[in-house]
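Working notes for the structure below.
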Amino acid sequence: MKKVINNPQDYTDDMLRGIYAAHANQVKYVESDLRCYCVANKKPGKVAIVTGGGTGHLPLFLGYVGENMLDGCGVGGVFQSPSAEQIYNISKEVEDGSGVLYLYGNYTGDIMNFDMAVEMCEMDDIQTRSIVGADDVNSHHDLKLRRGVAGIYFMYKCAGAKAAQNGTLDEVLTSAQKAKDNTRTVGFALTPCIIPEIGHSNFTLADDEMAMGMGIHGEPGIWNGPIKTADKIAEESLKTLLDDMPVASGEEVCILINGLGATSLEELYILSGSVSKILEIKGIKIYRTFVGEYATSMEMAGASISICKMADDEMKQQIDMPVCTPFYCQK
Amino acid sequence: MKKVINNPQDYTDDMLRGIYAAHANQVKYVESDLRCYCVANKKPGKVAIVTGGGTGHLPLFLGYVGENMLDGCGVGGVFQSPSAEQIYNISKEVEDGSGVLYLYGNYTGDIMNFDMAVEMCEMDDIQTRSIVGADDVNSHHDLKLRRGVAGIYFMYKCAGAKAAQNGTLDEVLTSAQKAKDNTRTVGFALTPCIIPEIGHSNFTLADDEMAMGMGIHGEPGIWNGPIKTADKIAEESLKTLLDDMPVASGEEVCILINGLGATSLEELYILSGSVSKILEIKGIKIYRTFVGEYATSMEMAGASISICKMADDEMKQQIDMPVCTPFYCQK
Amino acid sequence: MNTITCTQLPALFQAVSLIFNEKKIELCDMDAKVGDGDLGLTMSKGFSALPALLQANRQDDDVGKTLMKAALKMSSVVPSTMGTLMSSGIMEGGKTLKGAKEIDATGLSAYLTGFAVGIRNRGKCERGNRTILDAVGAAADKAAELLANNPAANLTDIINAAVLGADEGVEATKNMTPVFGKSAVFAAKAIGTPDQGAVAGRYMLIGMQNYICRYFP
Amino acid sequence: MNTITCTQLPALFQAVSLIFNEKKIELCDMDAKVGDGDLGLTMSKGFSALPALLQANRQDDDVGKTLMKAALKMSSVVPSTMGTLMSSGIMEGGKTLKGAKEIDATGLSAYLTGFAVGIRNRGKCERGNRTILDAVGAAADKAAELLANNPAANLTDIINAAVLGADEGVEATKNMTPVFGKSAVFAAKAIGTPDQGAVAGRYMLIGMQNYICRYFP
Ligand SMILES: Nc1ncnc2c1ncn2[C@@H]1O[C@H](COP(=O)(O)OP(=O)(O)O)[C@@H](O)[C@H]1O
Ligand SMILES: Nc1ncnc2c1ncn2[C@@H]1O[C@H](COP(=O)(O)OP(=O)(O)O)[C@@H](O)[C@H]1O
Ligand SMILES: [Mg+2]
Ligand SMILES: [Mg+2]
Ligand SMILES: [Mg+2]
Ligand SMILES: [Mg+2]
């Protein structure tokens with residue numbers, strides 16, 4: 001296991017200590033619990049947005065806590081859910097009378113703990129709404145059973161913008177829902193990653209192999225086979241995406257080319273170029289292109305392609321709204 | 001070779017096409033040459049700053065072309081210099097009467113081509129100054145013969161800020177020089193990277209080995225040996241850095257924890273935490289911490305630690321100046 | 001008297017933690033075949049913490065409230081799927097006992113039914129989905145049936161019936177296809193072996209049985 | 001007449017490109033031992049492009065200006081260290097011929113000296129640094145010496161002397177320690193073998209020799 005770490009047991013907390021030391025003016029933790037991650041200076045009165053999930057996906061999830069995006073994040077161990085109590089404690093800290101939106105990925109452990117936090121908030125008369133990202137097309141044919149991956153970025157962006165504009169809890173939920181309804185993702189892996197406390201990878205791929213549709217925890221995909229060119233990968237991925245959510249010629253989309261951790265930015269831009277070529281041929285307009293690491297799986301190699309259809313002008317304005325967190329700035 | 005690419009010969013140009021497609025409103029190329037990379041909208045009248053170098057280090061070099069940073073970048077093939085003519089053509093495009101600063105890394109091929117471009121500019125009466133980043137402490141005991149690595153970020157930041165404030169060419173050079181004089185870097189690699197056209201890595205490291213002091217093109221370091229903990233790596237690196245450039249208790253520094261490509265952000269923050277712990281014990285104040293991928297080597301695993309001593313208040317203001325490029329935003 | 005008081009709650013769950021310590025490797029191995037292999041660890045970690053949490057969070061002499069409060073704390077110790085499900089079961093079971101100073105046979109049966117409801121609500125699952133619910137749901141039914149037929153049944157009769165029900169429930173999962181969690185991905189592999197969560201549910205009941213049969217024979 | 005005209009420049013460098021095509025693998029292998037292994041490729045790529053560039057960039061009948069302009073374009077084709085050095089050498093050599101319509105023996109000697117100066121200026125190197133300069137510097141010196149001793153020397157005499165000088169220069173690099181570029185990192189490995197850049201410099205001169213001896217025997 002080639003990792004720059006100390007004791008594997010301390011992986012998550014060492015990481016958090018590093019983050020708080022680096023960004024003390026932007027984020028803090030509450031209840032003396034490093035894993036209760038909150039924005040340092042919340043805009044008063046606005047709807048709070050709280051996310052959460054396992055460690056190992058930076059900048060997901062906590063990286064989106066900051067100006068015009070999210071207000072808090074429950075930090076779980078590697079690939080594990082945060083606890084309901086942590087989510088509840090974060091909610092109490094960041095909620096300011098307008099309610100809390102829970103926005104996180106569609107994973108059993110997370111759902112249960114957020115649901116439990118909802119019940120705890122109810123006892124305190126804190127209003128909550130919940131919505132999960134479930135954008136990974138290849139993970140299930142049933143929309144409700146799909147897991148959430150990089151496409152949650154668009155939900156964060158839209159919900160965050162609506163909350164920043166003092167939208168009500170239900171309006172913020174609606175913005176998140178609209179982003180969700182219009183977002184689809186396809187991903188593929190080239191190499192596995194290693195959970196520090198386990199010390200070896202949970203799957204292997206031959207030297208010339210890729211896994212199409214593989215999940216960010218290594219969940220099996222729809223095929224393993226010889227690695228294809230960027231153009232071919234883009235072609236197959238876009239077919240999957242557009243079969244699932246048709247986009248007509250003339251319609252506008254945002255695209256997000258996301259690296260899983262070890263894939264270089266050079267390759268991501270090559271892939272992005274392949275995607276934009278195909279969309280151009282189809283007459284689909286690209287409103288904005290995002291390329292980089294948005295949701296990783298530690299040192300896994302691979303990438304995902306997300307498409308978010310621009311449903312209306314409000315959505316475009318939300319996508320364009322400047323945001324600033326310690327991990328992600330957009331002007 | 002596990003890479004998301006098309007034809008290896010097209011690696012650099014495919015990447016550039018992807019970049020221009022994604023960021024058409026921020027950057028452009030001139031002379032119908034993809035590798036003549038320029039900012040789309042230059043602030044008129046200010047000193048132009050042009051950089052350049054081989055492909056394979058994104059966001060270095062072109063990623064820093066943008067608002068309040070650089071104005072142009074000559075893009076070479078993988079680990080190769082751009083040509084003098086390209087640098088000259090970029091200079092003609094971005095220069096606006098106040099001269100051009102050439103700011104790039106200390107590598108033979110780059111020096112020769114930038115020098116040749118200087119001569120070409122002279123014929124056009126374009127004023128130029130040149131300065132190279134040479135921050136890699138372990139690459140040579142002689143300051144002049146050190147290669148440039150991630151620390152060039154601070155030179156970009158300070159020179160860019162001075163130019164944005166309409167400093168003269170010599171003032172901009174002085175800001176770059178001050179950043180250079182106060183910056184030192186130490187790096188280490190865990191795994192090699194592969195040049196697409198070559199197809200195999202140019203060195204190997206055993207499964208439990210790291211290479212301290214290795215260069216970003218795989219230049220041999222000062223030792224290869226069993227991988228150490230983040231705390232130990234931080235300790236050894238800081239000793240090297242501070243022996244080379246002493247920083248007294250009470251003085252302020254910026255730190256930059258830079259990933260070489262495949263090392264996860266989680267690990268970088270663990271390392272950052274280790275560094276800040278040690279600096280705290282020494283009484284050295286951290287003015288600002290930067291963590292992420294600033295200068296990579298494609299999919300090489302490893303990291304570098306840079307220290308930039310805050311020489312005066314002007315330097316702090318320059319470090320704090322908001323910047324925005326397609327690859328890097330700071331607020 | 002044949003009832004469990006607040007004072008005895010830590011010892012009751014100490015017995016549960018004992019069996020999970022014994023079965024730790026077995027559960028991890030089962031889980032590793034179709035999931036991430038953490039089940040034995042989280043069960044033993046969670047139930048090992050519970051006795052002290054019951055002690056520390058004792059609410060007057062209210063067995064219900066004490067169970068609810070301690071289970072909530074336990075969920076923080078093990079926020080994995082099964083950790084959260086177990087906590088939710090105990091919380092909902094505790095809710096049926098709210099205000100009671102002790103658990104009698106009727107109370108135990110109600111607790112078991114509440115436990116199954118807690119699992120069902122938290123997991124949004126139904127019987128037949130190949131989960132812990134198939135074990136603890138069958139257990140609660142069997143206990144309730146016994147009590148309906150024999151209103152004089154004691155604590156031991158109830159828990160024995162529950163374990164019998166769990167046995168049948170676990171057996172039944174062998175032919176069910178998983179729909180939830182990491183196992184769902186490996187659905188094919190699962191057929192023929194019992195669901196590991198159901199097995200864990202049965203062990204929890206056996207742990208309670210060990211205590212009850214010893215102190216209320 | 002015993003002079004090289006603008007019209008002949010492409011053929012002169014065609015001969016250079018021929019030898020680099022032959023020696024491509026040899027130069028790559030030499031470079032790979034102590035550097036990145038691209039030398040053969042860049043030399044053959046650069047000099048293969050040069051004849052057409054000389055054709056396309058012909059400046060009236062000025063051999064000097066034509067060489068300068070074409071060399072500048074060649075540097076864009078191969079912006080590697082040696083590519084840039086070769087271009088810089090030709091540019092500076094061309095500068096000594098500015099205004100001339102042809103290259104005679106004196107002109108060739110001046111060109112070779114200018115070539116070495118171009119390398120030295122561009123590389124900021126000195127003789128003894130184990131570079132191409134050690135070959136082409138010695139070559140220029142030998143040619144100039146011949147011309148000083150024998151003012152009637154013709155083109156063939158000059159280029160023959162130059163190649164002799166390059167032979168000695170290459171030989172001398174075997175005992176020099178590299179201070180520049182990628183080879184510097186592997187300094188120890190280098191000792192005992194000639195510098196690959198010097199070898200390339202010698203091949204360039206041999207290419208010119210092949211042409212000159214054939215057309216001006
Ligand atoms: N939605 C659900 N409802 C009820 N039980 C579930 C649900 N999802 C999973 N389970 C149970 O949890 C068990 C797996 O537990 P655990 O190993 O903690 O989960 P994970 O897959 O998160 O590692 C399964 O065997 C099943 O009995
Ligand atoms: N500063 C310099 N001045 C003159 N010659 C140099 C200099 N640096 C390198 N060389 C020559 O260049 C040769 C290597 O050329 P090349 O393979 O193109 O360089 P690299 O691949 O190292 O950039 C060396 O053998 C040496 O002769
Ligand atoms: Mg990475
Ligand atoms: Mg990377
Ligand atoms: Mg499990
Ligand atoms: Mg070379």
Side-chain angles (χ1 to χ4, degrees), chain A residues 2-7 11-12 14-19 21-23 55-56 58-59 63 67 190-191 193 207-208 210 227 229-231 233 257 261-274 276-277 286 289-293 296 298-299 301-303 322 324 327-331, chain B residues 2-7 11-12 14-19 21-23 55-56 58-59 63 67 190-191 193 207-208 210 227 229-231 233 257 261-274 276-277 286 289-293 296 298-299 301-303 322 324 327-331:
Chain A
K2 288 210 163 179
K3 285 191 197 268
V4 185
I5 56 174
N6 295 306
N7 192 331
Y11 183 82
T12 301
D14 276 357
M15 170 198 85
L16 285 168
R17 273 185 280 266
I19 293 173
H23 308 298
T55 288
L58 282 184
E67 213 178 308
L190 303 188
T191 67
C193 65
D207 246 12
D208 65 341
M210 63 180 284
I227 184 164
T229 63
D231 281 345
I233 293 172
I257 311 295
T263 290
S264 70
L265 204 42
E266 285 83 2
E267 292 164 78
L268 297 180
Y269 273 101
I270 289 174
L271 184 60
S272 177
S274 302
S276 64
K277 260 190 303 186
I286 301 178
T289 305
F290 300 87
V291 182
E293 291 183 351
T296 64
M298 298 189 285
E299 72 282 4
C324 191
F327 291 76
Y328 185 73
C329 262
Q330 181 192 314
K331 231 193 88 163
Chain B
K2 288 209 162 180
K3 286 193 196 267
V4 185
I5 57 173
N6 296 306
N7 191 331
Y11 183 82
T12 300
D14 277 357
M15 169 198 86
L16 285 168
R17 274 185 280 267
I19 292 173
H23 309 298
T55 288
L58 282 183
E67 212 180 308
L190 303 187
T191 67
C193 64
D207 247 12
D208 65 340
M210 63 181 282
I227 183 164
T229 63
D231 281 345
I233 293 172
I257 311 294
T263 290
S264 69
L265 206 40
E266 286 82 3
E267 291 163 80
L268 297 181
Y269 273 102
I270 290 175
L271 184 60
S272 176
S274 302
S276 65
K277 258 190 304 186
I286 301 178
T289 305
F290 301 87
V291 183
E293 290 183 352
T296 65
M298 296 189 286
E299 72 283 5
C324 189
F327 291 77
Y328 185 74
C329 263
Q330 181 192 314
K331 231 193 86 164

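Quick note on labels: first sequence line is chain A, next is B, and so on, each numbered from 1.
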Most contacts with chain B, counted as non-hydrogen pairs under 4.5 angstrom, among A:D207, A:V291, A:I233: A:D207

query: Salt-bridged, A:E299 to A:K3, with N to O below 4.0 Å?
result: yes

message: Is B:F327 in contact with chain A via its backbone, its side chain, both, or neither, using a 4.5 Å heavy-atom distance?
response: side chain

message: Do B:I227 and B:L190 have side chains that approach each other closer than 4.5 Å (heavy atoms only, starting at C-beta)?
response: yes

statement: Most contact-rich option vs chain B, by heavy-atom pairs under 4.5 angstrom, among A:E67, A:M15, A:E266, is A:E266

- request: Sort A:D208 into side chain, backbone, both or neither according to what part of it lies under 4.5 angstrom from a heavy atom of chain B.
  value: backbone

query: Looking at B:Q330, B:M210, B:H23, B:K277, which makes the most heavy-atom pairs under 4.5 Å with chain A?
result: B:H23

query: Can you say whether A:A22 sits under 4.5 Å from chain B via the side chain, the backbone, both, or neither, judging by heavy atoms?
result: both

Structural part of A:I19 lying under 4.5 Å from a heavy atom of chain B: both

query: Sequence neighbours excluded, which residues qualify as side-chain contact (heavy atoms from CB on, under 4.5 Å) partners of A:A230?
result: A:I270, A:L271, A:S274, B:V4, B:N6

Option in A:G56, A:A303, A:G273, A:S272 with maximal non-hydrogen atom pairs under 4.5 Å from chain B: A:G56

query: Which heavy atom in A:A262 sits nearest to a heavy atom in A:E293, and how many Å separate them?
result: N-OE2, 4.5 Å

message: With a 3.5 Å distance limit and no angle check, can you tell me whether A:T296 reaches the backbone of A:L58 through a side-chain donor-acceptor pair?
response: yes

message: Can you tell me which of A:L268, A:D231, A:T191, A:I286 forms the most heavy-atom pairs within a distance under 4.5 Å of chain B?
response: A:D231

- prompt: CD of A:E267 to OH of B:Y11: how many Å apart, nearest 0.5 Å?
  reply: 5.5 Å

message: Working to the nearest 0.5 angstrom, can you tell me the gap between A:D14 CG and A:N7 CG?
response: 8.0 Å

